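Note that the numbering runs from 1 along the sequence shown for the chain. Quick caveat, the model's predicted, so the values are computed rather than measured. Order of listing sets the numbers, starting from 1, for every ligand and every atom in it. Because only heavy atoms are used, hydrogens play no part in the values below, and waters and symmetry mates are left out as well, while side chains stay in.
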Amino acid sequence: MLVFKFGGASVKDAGGIINLASVVKKYSDQQLLIVVSAMGKTTNALERLTKAYVDQTDDMHDIFNDIKEYHYNILSELFEPSHEVFDDVANTFVEIDWAIEDEPHDSYDFIYDQIVSIGELVSTRIVSAYLNKDGIKSQWLDVRGYIHTDNTYREGIVQWDKTRASIGKDIPALLAKGAVVTQGFLGGTSENFTTTLGREGSDYTASIFAACLGAESVTTWKDVPGILNADPKFFADTVKFDELSYSEAIEMTYYGASVIHPKTIKPLQNAKIPLLVKPFTDPTAPGTVIKEDGVNKFEKPVIILKQNQVLLSVSTKDYSFISEDHLSEIFRLFAQSQVKINVMQTSALSFSVCFDFYEERFEKLLANLQQDFKVKYNNDLTLITIRHYGQNSVAELTAGKKVLLEQISRNTAQVVVR
Ligand code: ASP
Ligand code: MG
């Protein structure tokens with residue numbers, strides 16, 4: 001059996017869903033489990049809705065109405081008004097009406113997961129209904145009963161034994177009856193609350209199903225020809241990798257290559273299942289194959305940009321050296337605030353750290369650190385990581401930019417710039 005994952009860009013409009021069906025049709029002789037993300041930029045819009053609800057701002061209903069309108073417009077292009085999918089979608093959106101009816105009491109992360117998850121619950125209803133309409137037998141599956149997580153909201157930790165047992169028990173029989181369409185990015189807790197697995201987590205969902213079902217391969221269908229050495233939105237003349245080893249792919253995602261979610265590769269590597277990254281506009285193109293013996297050919301350095309970075313430096317209040325005790329306290333505070341470190345550097349008097357800016361987490365971290373330390377920071381920075389850098393690549397990429405931190409190792413150069 002095969003696992004397919006379609007991301008938001010591939011289902012951003014009616015044409016995308018029609019194209020998805022045409023891709024799926026080419027594999028009608030195979031058992032398919034299809035993981036789908038929220039449509040287009042819906043997750044971002046639902047994040048804004050969550051914030052508006054928690055802050056109780058006036059634009060809350062407008063944001064929600066825009067989200068609904070976007071989906072209903074697509075539905076109207078794909079189905080007759082009497083089709084039952086309209087009711088399924090309306091019943092799913094009602095969950096948000098209930099969630100935002102009263103003033104917020106729960107934690108931000110909990111509320112976030114209950115609201116933001118609606119994006120995938122709706123997109124999969126639409127995709128599954130359209131496949132059926134187009135003659136491809138498909139079954140909608142609520143992933144929250146299969147991918148079990150703890151209650152770390154916004155970053156659910158998968159409980160593998162339970163997940164494997166649930167998937168193994170029901171899914172093979174379903175696959176024998178037709179394609180299974182399910183939500184990426186979501187999980188469920190033992191108390192039946194919804195969790196999310198971290199932004200862009202649908203790839204990880206596909207990998208969890210593949211590992212639990214012993215799939216032949218996972219294909220993630222993208223709006224690019226495969227994995228490129230750099231993001232074509234920022235760089236001209238990119239080159240595609242035909243193959244990559246699991247280890248190189250893990251390294252690339254670790255440094256922030258957004259083409260695959262960082263947690264995706266490990267379960268596939270353990271189960272020796274190849275990951276194919278292919279263009280949804282040209283399904284017969286070879287794309288990139290990630291596998292154990294994948295050959296890494298670096299014609300050009302790999303360039304990974306991470307924007308919206310904070311560079312923060314911590315020193316002691318009495319200007320004494322930063323000791324191991326201080327470091328251990330600083331790391332504890334980072335972990336407690338759920339801030340993940342992208343690069344760090346120590347000197348005698350300060351410890352500098354670069355990380356992604358998430359407002360609530362950042363403010364929590366700052367408040368905690370400031371109790372015992374002096375803290376300085378800059379935000380709106382970019383972290384450039386260059387793997388397999390050539391002699392000139394670092395200088396070329398940083399030309400005209402102010403470099404705030406630089407770290408160079410044998411294979412990888414990292415610079416924080418403004
Ligand atoms: N829709 C979610 C997000 O945009 C998950 C995903 O796309 O993989 O983060
Ligand atoms: Mg998405």
Tell me, do Q56 and E103 make a side-chain contact under 4.5 Å, heavy atoms counted? yes
Does at least one non-hydrogen atom of G201 fall below 4.0 angstrom from an atom of ligand 1?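 Contact check G201 vs ligand 1: positive.
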Strictly by modelled atom types, are N229 and R387 linked by a side-chain donor-acceptor pair under 3.5 Å?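 There is no such pair between these side chains.
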Between D170 and Y146: side-chain donor-acceptor atoms closer than 3.5 Å: yes
Proximal ligand 1 atoms for E120, defined as those under 4.0 Å from one of its heavy atoms: 1 (N), 2 (C), 5 (C)
F185: numbered ligand 1 atoms lying under 4.0 Å from its heavy atoms: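 Atoms satisfying the 4.0 Å criterion: 2 (C), 5 (C).
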Compute the shortest N/O to N/O distance between R199 and ligand 1 and return yes if it is under 3.5 Å, no if not. yes
Consider every N or O of D203 and every N or O of ligand 1, then say whether any pair is closer than 3.5 Å. no
Mode of S37 contact toward ligand 1 - side chain, backbone, both, neither (heavy atoms, under 4.0 Å): side chain
For D242, salt bridge (charged side-chain N to carboxylate O under 4.0 Å, His left out) partners two or more places apart: K240
Sequence neighbours excluded, the answer for side-chain contact (heavy atoms from CB on, under 4.5 Å) partners of E359 is K51, F357, E363
